[in-house]
Amino acid sequence: MRWSQSFLPTLRESPAEAEIISHQLLLRAGLIRKLAGGLYTFLPLGLRVLRKIEAIVRQEMDRAGALEVLMPCLQPPEIWQQSGRYVTAADVLYHVQDRAKKEWVLGPTHEEVITTLAAGEISSYRQLPRNFYQIQTKVRDEIRPRFGLMRAKEFIMKDAYSFDVSDEAAQVSYQKMYDAYTRIFARCGLQALPVEADTGVIGGNLSHEFMVPAATGENEIVYCESGRYAANIEKAVSQGPLIPTPKTGPGPAPEQFPTPGVQTIDHLAAPPYGVAPHCQIKTLVYIVQSQPVVVLLRGDDQLNEAKFAVALGSNQFRPATAAEVFALLNAHPGSLGAVASTLKTPLNPLYADAALRGAAGMTTGANADGFHLRHIELDRDIRVTHWVDLRTVKAGELCAVTGAPLKIRRGIEVGQVFKLGTKYSETLGARFLDETGKQRPAVMGCYGIGVTRTLQAVIEQCHDENGIIWPPSVAPFVVCITPLSVVHGSPVMTLAEKIYAELSAQGIEAILDDRQERPGVKFKDSELVGFPWRVAIGEKSLAKGEVELKRRGGELMAVKADQAVARVREAVRGGGGGLG
RNA sequence: CGGAGCGUAGCUCAGCCUGGUAGAGCACUUGGUUUGGGACCAAGACGUCGCAGGUUCAAAUCCUGUCGCUCCGACCA
């Protein structure tokens, strides 16, 4: 490709709309342009990178035995009603109407479609296992698109769906995808960490997310430095709070004391009260399907809403309003409690975090504004109906696997694998006859990779102050040939053309910067766009019979002009990951 | 949806408070000088000041509404 014939609109300054470095570089390097919030056009070089990533994904999916298909983006709402996600995934569904006023939805994902296909086509255990995948544009009504391609209304995803005869067989399919994902991200030059993940509204019982560590990531990862434990914070567990819960008892009976104006844990912890947060019980009220549900936690803990959703079996809940709280407990937030003797009627259900088990000598609200109760013993004074792990793990707590202190860092989720079970095959009728002639639902798994997000994650991880540093495997071009003056027929230009032609003939993707620009502009641009290698050809070095070979972000090498092609080939072929 | 901020040339922004001929840098066009790290000189082109309404002799500027963008939160396979 000749630079002058391509379309590579680089920007010296970054547009105000871009906040994070990878978004800025996508725009500055001329890879994408915005049409509207969360909607982007891929320009020629951005598309080349996208195609490279897609090719890696295809190769690894094919290698793992998955079969490529292509499903419709426009889908009938009926299959969503059948699976139940017309309600549970309602927020992300776009609805459209045709001229007959018939409703359709735009596919945010394709479990319903592929399961409908399997329902019609797979009838025997002899046809299993099968794993279908596609690389396709997904459309989701994101509440807040942000960070360029990271969270967009429309994005390209690779999604795969496996069908197996049994749970054991499904586990094999799951592991194949897990391994394929590990290879895919490694080949893209990414360090991606598999972490245990919550399965969310998609359902299922086992899931891992592949996270690219980055300060700008939207997820928090809890991990043990041993490498033996890592989990999304929504799922993470530890050995428990660093400060143990007081459990001495039996002690004195509950005693009410005045706490005028106290509405927060911190306020009650301060003088004159001095009740340490871990000796307080936090009482939260949520509304689940119009019914109030009370949750108890230690005062120094935060409710993990993902864990709560798992406990409820639903993500359809919200915090109660002050009025709803008052109707239930006869007090306002700040003075709430679940002590049986302060209740009009027993609370059912009443959830409590496992860290409170056996707690004694605790303090909680008295369900009378301006009063609290001390000397509370959980087992004696509060009628808990559900004991569950509901707290959010904190950095420094001890790993449940190794006992070492846990750390927390942020990450970008580039892929997720789920073991789904039979939720979709049952609701959508994907059943087969086993070898005994018995009808059984297929055991499913689903596996996603955010292809466009992966592209941006590579930039987020591979850049310096001058621009992108593409791993060679996904670079738009592997080598940029930079003649420092562009005069047709000059020795410099003749050599540049020759190197360009020879590299191209050998299948090495080269871009020839034949623009009439000053050397500084060309150097800046080639580094901004991030080509892994650059061959600079100028009169000074050519007078010594040399050209300059430079690795992006690396060392400059003088190379004999007649060896330039061979040296580039060597560098490119031997360059490996190129993360330098 | 709640909170905050921003919409002026292709990009980055000034002008708005205190109403009175719409600006700068970069980019673009032409000519010239330059040519190893985002050149210089000269000339030029580029604007419904997001949109609508209102106040006023007069609105980029003040008021109201609306749309869009960004950030925080909520939300999210």
Side-chain angles (χ1 to χ4, degrees), chain A residues 9-20 23-24 27-28 30 33-39 83 85 88-93 107-112 138 140-148 150-153 155 157-161 197-204 207-210 216 218-219 232 234 305-306 309 315-319 413-420 423-424 444-450 453 466-467 482-487 490 492 515-528 534 536-543 546-548 550 556 558:
Chain A
T10 57
L11 302 172
R12 185 183 298 205
E13 292 174 285
S14 76
E17 74 201 40
E19 193 77 8
I20 67 173
H23 187 193
Q24 292 172 351
L27 293 165
R28 287 190 56 210
R33 284 295 182 265
K34 184 176 74 174
L35 174 64
L39 300 172
S83 72
R85 287 207 295 185
T88 55
D91 290 348
V92 299
L93 275 181
T109 177
H110 283 73
E111 281 80 11
E112 281 78 3
K138 300 289 190 251
R140 292 184 187 177
D141 189 359
E142 286 290 347
I143 293 172
R144 180 148 86 91
R146 59 181 135 180
F147 302 150
M150 281 294 183
R151 182 169 289 275
K153 285 185 157 71
F155 59 99
M157 171 177 255
K158 185 286 302 175
D159 46 326
Y161 307 90
D198 177 47
T199 53
V201 306
I202 199 166
S207 178
H208 286 84
E209 289 167 331
F210 286 77
T216 53
E218 295 187 89
N219 300 275
N232 189 308
E234 296 179 340
E305 293 200 351
N315 66 342
Q316 308 288 304
F317 59 86
R318 62 170 173 82
E413 180 197 338
V414 287
Q416 186 164 18
V417 291
F418 291 88
K419 231 175 109 181
L420 282 178
K423 171 180 169 182
Y424 295 92
M444 292 177 60
C446 72
Y447 317 93
I449 288 179
R453 182 184 283 181
N466 294 312
T482 308
L484 297 186
S485 65
V486 179
V487 178
S490 69
V492 164
R515 296 174 301 165
Q516 303 274 357
E517 289 287 354
R518 299 167 64 84
V521 173
K522 294 188 172 195
F523 289 146
K524 287 288 184 191
D525 269 351
S526 75
E527 284 161 17
L528 173 60
R534 181 175 69 209
I537 305 153
E539 284 172 13
K540 284 186 194 167
S541 49
L542 195 54
E546 293 175 343
V547 299
E548 285 162 12
K550 188 172 187 302
L556 189 82

Please report the distance, rounded to the nearest Å, between [atom1] in [X] and [atom2] in [N].
X        : N     : atom1 : atom2 : value
A:Glu218 : B:C72 : CD    : C1'   : 13 Å
A:Leu11  : B:C11 : CG    : C1'   : 6 Å
A:Glu142 : B:C71 : CD    : P     : 13 Å
A:Leu27  : B:C69 : CG    : P     : 15 Å
A:Glu13  : B:G25 : CD    : C1'   : 8 Å
A:Ile143 : B:G73 : CD1   : P     : 13 Å
A:Lys524 : B:A39 : NZ    : P     : 10 Å
A:Lys550 : B:G37 : NZ    : P     : 14 Å

Can you tell which of [options] lies closest to the side chain of [X]?
X        : options             : answer
A:Ala16  : B:U12, B:C72, B:G37 : B:U12
A:Glu305 : B:C75, B:G38, B:U35 : B:C75
A:Val521 : B:C69, B:G73, B:G38 : B:G38
A:Asp91  : B:G38, B:U70, B:C75 : B:C75
A:Leu528 : B:G38, B:C75, B:C71 : B:G38
A:Arg518 : B:C71, B:U35, B:C11 : B:U35

What nucleic acid atoms does [X] come within less than 4.0 Å of, heavy atoms only: base, sugar-phosphate, or nothing?
X        : value
A:Tyr447 : nothing
A:Lys34  : sugar-phosphate
A:Ser14  : sugar-phosphate
A:Gly448 : nothing
A:Arg144 : base
A:Arg515 : nothing
A:Asp159 : nothing
A:Gln516 : nothing
A:Arg33  : nothing

> So, does the side chain of A:Ser541 form a donor-acceptor pair with the base of B:G36 at under 3.5 Å?
Replying inline: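 Between B:G36 and A:Ser541, which were checked side chain against base, a qualifying N/O pair under 3.5 Å is present.
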> Is there a donor N/O on one and an acceptor N/O on the other, under 3.5 Å, for the side chain of A:Glu548 and the base of B:G36?
Replying inline: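 Donor-acceptor pair under 3.5 Å: yes.
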Going by purine N1 to pyrimidine N3 plus the second Watson-Crick contact, or the G-U wobble pair, all under 3.5 Å, which nucleotide sits opposite [N]?
N     : result
B:G31 : B:C41
B:A60 : none
B:G73 : B:C1
B:A24 : B:U12
B:G68 : B:C6
B:C17 : none
B:U55 : none

>> side chain to side chain contact (heavy atoms under 4.5 Å, CB included) for A:Leu27 and A:Arg33? Distances and angles first, verdict last.
In response: CA-CA 6 Å; A:Leu27 293 165; A:Arg33 284 295 182 265; 4.2 Å; yes
Roughly how far apart, to the nearest Å, are [N] and [M] at atom [atom1]?
N     : M     : atom1 : answer
B:G73 : B:G54 : P     : 41 Å
B:U55 : B:G19 : C1'   : 11 Å
B:C63 : B:G25 : P     : 31 Å
B:C49 : B:G44 : C1'   : 23 Å
B:A59 : B:C17 : C1'   : 15 Å
B:A9  : B:G3  : P     : 29 Å
B:C16 : B:G50 : P     : 15 Å
B:G23 : B:U61 : C1'   : 15 Å

> According to a strict under-4.0 Å criterion, is A:Arg12 in side-chain N/O contact with OP1 or OP2 of B:G38?
Replying inline: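 For B:G38, neither OP1 nor OP2 has a side-chain N or O of A:Arg12 closer than 4.0 Å.
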>> Does B:C72 have OP1 or OP2 under 4.0 Å away from a side-chain N or O of A:Arg146?
In response: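 Yes, A:Arg146 has a side-chain N/O under 4.0 Å of OP1/OP2 on B:C72.
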> For the residue pair A:Phe147 and A:Thr216, what are the closest heavy atoms and their distance?
Replying inline: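 Smallest heavy-atom distance, with atoms named: CE1-O, 4.2 Å.
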> Do you know which two heavy atoms are closest between A:Asp198 and A:Gln416, and how far apart they sit?
Replying inline: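 Of all heavy-atom pairs spanning A:Asp198 and A:Gln416, the closest is O-NE2, 3.4 Å.
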> Where each residue is assigned the nucleotide of RNA chain B containing its nearest heavy atom, which of A:Glu527 and A:Val92 is assigned the position nearer the 5′ end?
Replying inline: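 Mapping each residue to its closest nucleotide by heavy atoms, the 5'-most match is A:Glu527.
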> A:Pro519 or A:Ala18: which one's nearest nucleotide on RNA chain B is closer to the 5' end?
Replying inline: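 Between the two, 5'-proximity favours A:Pro519.
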> After noting the C-alpha distance and the side-chain angles of A:Lys423 and A:Glu111, does the key distance pass the salt bridge (Lys or Arg N to Asp or Glu O under 4.0 Å) rule?
Replying inline: CA-CA 10 Å; A:Lys423 171 180 169 182; A:Glu111 281 80 11; over 6 Å; no
> Salt-bridged, A:Arg146 to A:Glu218, with N to O below 4.0 Å?
Replying inline: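 Salt bridge flag = yes for A:Glu218 with A:Arg146.
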> Do A:Arg453 and A:Arg151 pass the side chain to side chain contact (heavy atoms under 4.5 Å, CB included) test, and can you show the C-alpha distance, the side-chain angles, and the key distance before you say yes or no?
Replying inline: CA-CA 8 Å; A:Arg453 182 184 283 181; A:Arg151 182 169 289 275; 4.0 Å; yes
> Does A:Ser207 use its side chain to pair, donor to acceptor, with the backbone of A:Val417 at less than 3.5 Å?
Replying inline: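 Indeed, once roles are kept as given, a pair shorter than 3.5 Å links the two residues.
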>> When you measure from the side chain of A:Lys158 to the backbone of A:Tyr447, do you find a donor-acceptor pair of N or O atoms at a distance under 3.5 Å?
In response: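 Judged by distance alone, yes, a pair lies under 3.5 Å.
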> Is there a side chain to side chain contact (heavy atoms under 4.5 Å, CB included) between A:Asn232 and A:Glu413 once you walk through the steps?
Replying inline: CA-CA 10 Å; A:Asn232 189 308; A:Glu413 180 197 338; 5.8 Å; no
